[in-house]
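Because the structure is a prediction, the values reported are computed rather than measured. Order of the sequence lines sets the chain letters (A, B, ...), proteins ahead of strands, with each chain counted from 1.
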Amino acid sequence: MAEVESRPTNFIRQIIDKDLETGLHSSVHTRFPPEPNGYLHIGHAKSICLNFGIAQDYQGTCNLRFDDTNPEKEDIDYVNAIKEDVSWLGYQWDGEVRYSSNYFDQLFGYAKELINKGLAYVDFSTQEAMREMRGSLTEPGQLSPYRDSSPEENLALFEKMAAGDFKEGECCLRAKIDMASPFMCMRDPVIYRVRFAHHHQTGDKWCIYPMYDFTHCISDAIENISHSLCTLEFQDNRRLYDWVIDNISVEATPKQYEFSRLNLEYTVLSKRKLIQLVEEKHVSGWDDPRMPTIAGIRRRGYTPTSVREFCSRIGVTKQDNVVEMGVLESCIRDDLNENAPRAMAVLEPVKLIIENFEGDVEWLDAPNHPSKEEMGTRKIPFSKEVWIEKDDFREEANKKYKRLVLGKEVRLRNAYVIKAERIEKDENGEVTTIYCTYDPDTLGKAPADGRKVKGVIHWVAAKQAVPAEFRLYDRLFNVENPNKVELAEALNPNSLTVIQGFVEPSIKDVEIGVGMQFERTGYFCRDKDSSEALPVYNRTVALRDTWAKMGE
RNA sequence: UGGGGUAUAGCCAAGCGGUAAGGCAGCGGGUUUUGAUCCCGCCAUUCGUUGGUUCAAAUCCAGCUACCCCAGCCA
């Protein structure tokens, strides 16, 4: 079938199309520029897919650049984790990994160029004084008393800053722009500050570090980035981005375009809140399967394909948005339904005994996928005692209930039709054992006499069953938008349910993280917490369940 | 009258002066040894709102309203 792969269309691609048409650019160069101060989350995936996706589709390149201008908050562990996440998503950055810190020498030079042009000055005002003199949203700011010192003085002072002659906070380098600008970021923004901090890339070479607004645009220019894509909150900063590029001697003229960041229902996507979840131990770590981090959703069992598909479905615009979890879930179900092998597991077991079963064990063939024969079959043991799901049996039920009912028939998936004859209960009235008979002439075929058996339930042979732990996840928060409320109060106390059950023997040693479907219950993958004694399976997502939706 | 942005279905989102794509969710029905999948059908006479221009407006113009962002030596 000739698939016409539909290219995404969005306002950024339209801009690129136009830039290519008019000859403004002959090739497209983008970059993904995370600060290595935390783990990547699904919102970053949107940016990654955008930047790398564009590079791919336009036969351009995309750099991975760590925006590492604030050594106090950053760490080499984060750069490693981020590299892994980008690779896992299936993207390859162009050439070597870049760092803004690669350009510290050049940045230092451009700062001096601004000073020489009378466009930057060293300011000894205190932070409080600077804040007061910045004015407000409705009032202009006041000029700093240091604003008119000569380029010579400023140059000497700036060199002294770099030499370590001033204390942290004692002074900073400011761009001389416009203290009355309606754009707050243009009121003589700080472009260099003093920090006696060890940097994960440059060590102790520097004690002054450039600010984001000064660094980012120049880094883009140095790397010859044609389209610099970032989120909406940087729209005002674009004026400063352009001002810096216009006032230093660089050839390239990269342009910044802003798109809206992703918001997901029932979770948080801000680094601050994510760190809080980890530090306050509301989750087990950055890769807790409930976390919206790339590491978390990977451990949960999401595939790179499903995340890319998600990013493609949500699109790229400038509209504020809150995407429903259902979109993400639909993406992973689509992928796993197509590609995950099937198996059987009983999460909440009750014993079922087939009284007329003779012999020890019968090995049956079960297809690994209901519609993809090429995925082959596996052997599953069938015997006198099996586990079935508690939920799949009722003493009595109306005809809408399609599972096992006392006195009625049901099919054991991939096996025979059975009939519930009698039960045993414990002192609390809980069913402990269901006694059945089976029809040996129903393997792979309907009953010969034309009886209709509508229900099918899954099961695991008791003797060969492998005890297993299942971790079932629910949303992390109880409120749609947890950003607005106190984090601890909004947490869902039932976001994790751990239960013990059984899996069929064939999947005991599946590879960690690889998705499979436990028929009728959901998609799962083996977790890294598995031990030889007890395999652990994460439920990635449940199957769609129209029965549960009916409220029975 | 500080500035910068954004308004199309429950959610996401196409549209770019010629009469409202698609996906998710939902609702009906069919197939089914997974209450899954798959298949078929339904789901905006109207685009924040009020006016204007036009033969024709979600698209152009004006006013209004709502929401988001900006006063770090964070990014």
Chemist: Taking A:Asn37 as the fixed residue, which of A:Glu72, A:Lys271, A:Lys73, A:Glu74 is the one that meets the side chain to side chain donor-acceptor pair (under 3.5 Å) rule?
Modeler: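 That would be A:Lys271.
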Chemist: Checking all strands, does A:Thr546 fall into the base, sugar-phosphate, or nothing category for heavy-atom contacts under 4.0 angstrom?
Modeler: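 If one applies the 4.0 Å heavy-atom cut-off, A:Thr546 turns out to touch the sugar-phosphate alone, with no base involved.
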Chemist: Taking any heavy-atom pair under 4.0 Å as a contact, classify A:Ser181: base, sugar-phosphate, or nothing.
Modeler: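 Since no nucleic acid heavy atom lies under 4.0 Å of A:Ser181, the category is nothing.
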Chemist: Given that A:Arg411 and A:Asn70 both sit by RNA chain B, which one's nearest nucleotide is further toward the 5' end?
Modeler: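 The residue whose closest nucleotide sits nearer the 5' end is A:Arg411.
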Chemist: What is the distance from CZ of A:Arg342 to P of B:U34, rounded to the nearest Å?
Modeler: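 In whole Å, B:U34 P lies 11 Å from A:Arg342 CZ.
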Chemist: Any non-hydrogen side-chain atom of A:Val350 less than 4.5 Å from a side-chain atom of A:Glu389?
Modeler: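 SC-SC contact between A:Val350 and A:Glu389 ruled out.
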Chemist: Got a salt bridge between A:Glu258 and A:Arg238, using NZ or NE/NH1/NH2 to carboxylate O under 4.0 Å?
Modeler: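 Answer for the salt bridge query: yes.
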Chemist: Which is true for A:Thr442 with a 4.0 Å heavy-atom rule: it touches a base, it touches only sugar-phosphate, or it touches nothing?
Modeler: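 If one applies the 4.0 Å heavy-atom cut-off, A:Thr442 turns out to touch a base.
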Chemist: Select base, sugar-phosphate, or nothing to describe what A:Asn321 touches, counting heavy atoms under 4.0 Å on all strands.
Modeler: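 Here A:Asn321 touches the backbone only, sparing every base.
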Chemist: Which part of the nucleic acid, if any, lies within reach of A:Val410 when heavy atoms closer than 4.0 Å are counted: base, sugar-phosphate only, or nothing?
Modeler: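 Touches nothing.
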Chemist: Choose from B:A36, B:G5, B:A14 the nucleotide whose nearest atom is closest to any side-chain atom of A:Gln235.
Modeler: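 That would be B:G5.
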Chemist: Just the rounded figure in Å: distance from P of B:A25 to CD of A:Glu265.
Modeler: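 Result: 13 Å.
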Chemist: Output the rounded distance in Å from CD (A:Gln319) to C1' (B:G15).
Modeler: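 That distance rounds to 12 Å.
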Chemist: On RNA chain B, check which nucleotide each of A:Pro182 and A:Glu309 is closest to and give me the residue with the more 5' one.
Modeler: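 Whichever sits nearer the 5' end wins; that is A:Pro182.
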Chemist: Distance check, rounded to the nearest 0.5 Å: A:Met211 atom CE versus A:Leu240 atom CG?
Modeler: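 A:Met211 atom CE to A:Leu240 atom CG measures 10.0 Å (nearest 0.5 Å).
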Chemist: For A:Val453, answer base if it contacts any base atom (sugar-phosphate contacts may also be present), sugar-phosphate if it contacts only those atoms, and nothing otherwise; contact means non-hydrogen atoms under 4.0 Å.
Modeler: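 Counting heavy atoms under 4.0 Å across all strands, no contact is made by A:Val453.
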Chemist: Please answer whether B:A75 and A:Tyr212 are stacked, defined here as ring centres separated by less than 5.5 Å and planes angled under 30°.
Modeler: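 Given the distance and angle limits, no, they do not stack.
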Chemist: What's the closest nucleotide to the side chain of A:Arg193 if the choices are B:C68, B:G35, B:A75?
Modeler: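 Ranking B:C68, B:G35, B:A75 by closest atom to the A:Arg193 side chain puts B:A75 first.
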Chemist: Just checking A:Met211: base, sugar-phosphate only, or nothing, at a heavy-atom cut-off of under 4.0 Å?
Modeler: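 Sugar-phosphate only.
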Chemist: Which listed nucleotide (B:G5, B:U34, B:C12) is nearest to the side chain of A:Ile314?
Modeler: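 So the nucleotide nearest the side chain must be B:C12.
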Chemist: Quick check on A:Lys419: does its NZ atom have over 12 non-hydrogen neighbours (other residues, nucleotides or ligands) under 6.0 Å away?
Modeler: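 No, NZ of A:Lys419 has 12 or fewer neighbouring heavy atoms, counting only those of other groups under 6.0 Å.
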Chemist: Taking the C1' atom in each of B:U6 and B:C12, what is the distance between them to the nearest angstrom?
Modeler: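 B:U6 and B:C12 have their C1' atoms separated by 15 Å.
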Chemist: What integer distance in Å separates A:Tyr523:OH from B:U37:C1'?
Modeler: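 Taking atom C1' of B:U37 as the reference, OH of A:Tyr523 is at 7 Å.
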Chemist: Would you classify A:Phe234 as touching base, sugar-phosphate or nothing, given that sugar-phosphate means primed atoms plus P, OP1 and OP2, and contacts are heavy atoms under 4.0 Å?
Modeler: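 Base: the residue A:Phe234, judged by heavy atoms under 4.0 Å, touches a nucleobase.
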Chemist: Give a yes/no verdict on a cation-pi contact between A:Arg475 and A:Tyr266, requiring under 6.0 Å between NZ or CZ and the six-membered ring centre and an angle within 45° of the axis.
Modeler: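 Checked: cation-pi criterion met.
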Chemist: Please state how far atom NZ in A:Lys167 lies from atom P in B:C73, giving the value in whole angstrom units.
Modeler: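 It is 19 Å, rounded to the nearest whole Å.
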Chemist: Distance check needed: B:G35 C1' versus A:Tyr401 OH, whole Å only.
Modeler: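 From A:Tyr401 OH to B:G35 C1': 11 Å.
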Chemist: Rounded to whole Å, how long is the line connecting atom CZ of A:Arg544 with atom C1' of B:C38?
Modeler: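 Checked: the CZ to C1' distance equals 12 Å.
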Chemist: How far, in whole Å, is B:U32 from B:G22 if one measures between their P atoms?
Modeler: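 Nearest-Å result for B:G22 against B:U32 at atom P: 29 Å.
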Chemist: Base, sugar-phosphate, or nothing: which does A:Arg403 touch, judged by heavy atoms less than 4.0 Å apart?
Modeler: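 The residue A:Arg403 makes base contact.
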Chemist: Could you check whether A:Asn414 gets within reach of a base, just the sugar-phosphate, or nothing at all, counting any heavy atom under 4.0 Å?
Modeler: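 A:Asn414: base contact, heavy atoms under 4.0 Å.
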Chemist: I need the A:Gln517 CD to A:Phe524 CZ distance, nearest 0.5 Å.
Modeler: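 The distance works out to 10.0 Å.
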Chemist: What is the base-pairing partner of B:A62, counting Watson-Crick and G-U wobble geometry with both distances under 3.5 Å?
Modeler: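 Result: B:U50.
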Chemist: For the rings on A:Tyr523 and A:Phe518, is their centre-to-centre separation under 6.0 Å?
Modeler: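 When the ring centroids of A:Tyr523 and A:Phe518 are compared, they turn out to be at least 6.0 Å apart.
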Chemist: Between P on B:A25 and NZ on A:Lys549, what's the gap in Å once rounded to a whole number?
Modeler: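 From A:Lys549 NZ to B:A25 P: 8 Å.
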Chemist: Under 4.0 Å, heavy atoms only, any strand: does A:Gly326 hit a base, just the sugar-phosphate, or nothing?
Modeler: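 Since only primed, P, OP1 and OP2 atoms lie under 4.0 Å of A:Gly326, the category is sugar-phosphate.
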Chemist: Given B:A14, B:G2, B:G5, which nucleotide is nearest the side-chain atoms of A:Thr317?
Modeler: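 Within the option list, the nearest is B:A14.
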Chemist: Picking from B:U34, B:C70, B:C24, which would you name as closest to the side chain of A:Met184?
Modeler: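 Given the options B:U34, B:C70, B:C24, the side chain of A:Met184 is closest to B:C70.
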Chemist: Across the strands shown, which category fits A:Phe183 at heavy-atom distances under 4.0 angstrom: base, sugar-phosphate, nothing?
Modeler: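 Counting heavy atoms under 4.0 Å across all strands, the contact made by A:Phe183 is with sugar-phosphate only.
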Chemist: Determine the contact category for A:Ser125: base if any of its heavy atoms lies under 4.0 Å from a base atom, sugar-phosphate if only primed atoms, P, OP1 or OP2 are that close, otherwise nothing.
Modeler: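 If one applies the 4.0 Å heavy-atom cut-off, A:Ser125 turns out to touch a base.
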Chemist: Work out how far the P atom of B:C16 is from that of B:G48, and round it to whole angstrom.
Modeler: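 Per the computed distance, 16 Å lies between those P atoms.
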Chemist: Looking at B:C12, B:C24, B:C73, which one has an atom nearest to any side-chain atom of A:Ser330?
Modeler: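 Nearest nucleotide to the side chain: B:C24.
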Chemist: Of all the choices, B:G2, B:C12, B:A25, which nucleotide is nearest to the side chain of A:Glu324 once you look at every atom?
Modeler: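 Closest of the options to the side chain of A:Glu324: B:A25.
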Chemist: Rounding to the closest angstrom, what is the interatomic distance between B:C68 and B:C55 at atom C1'?
Modeler: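 The answer is 40 Å between these two C1' atoms.
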Chemist: Mind checking A:Lys400 for me? I need base, sugar-phosphate or nothing, with any heavy atom below 4.0 Å counting as a touch.
Modeler: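 Base contact.
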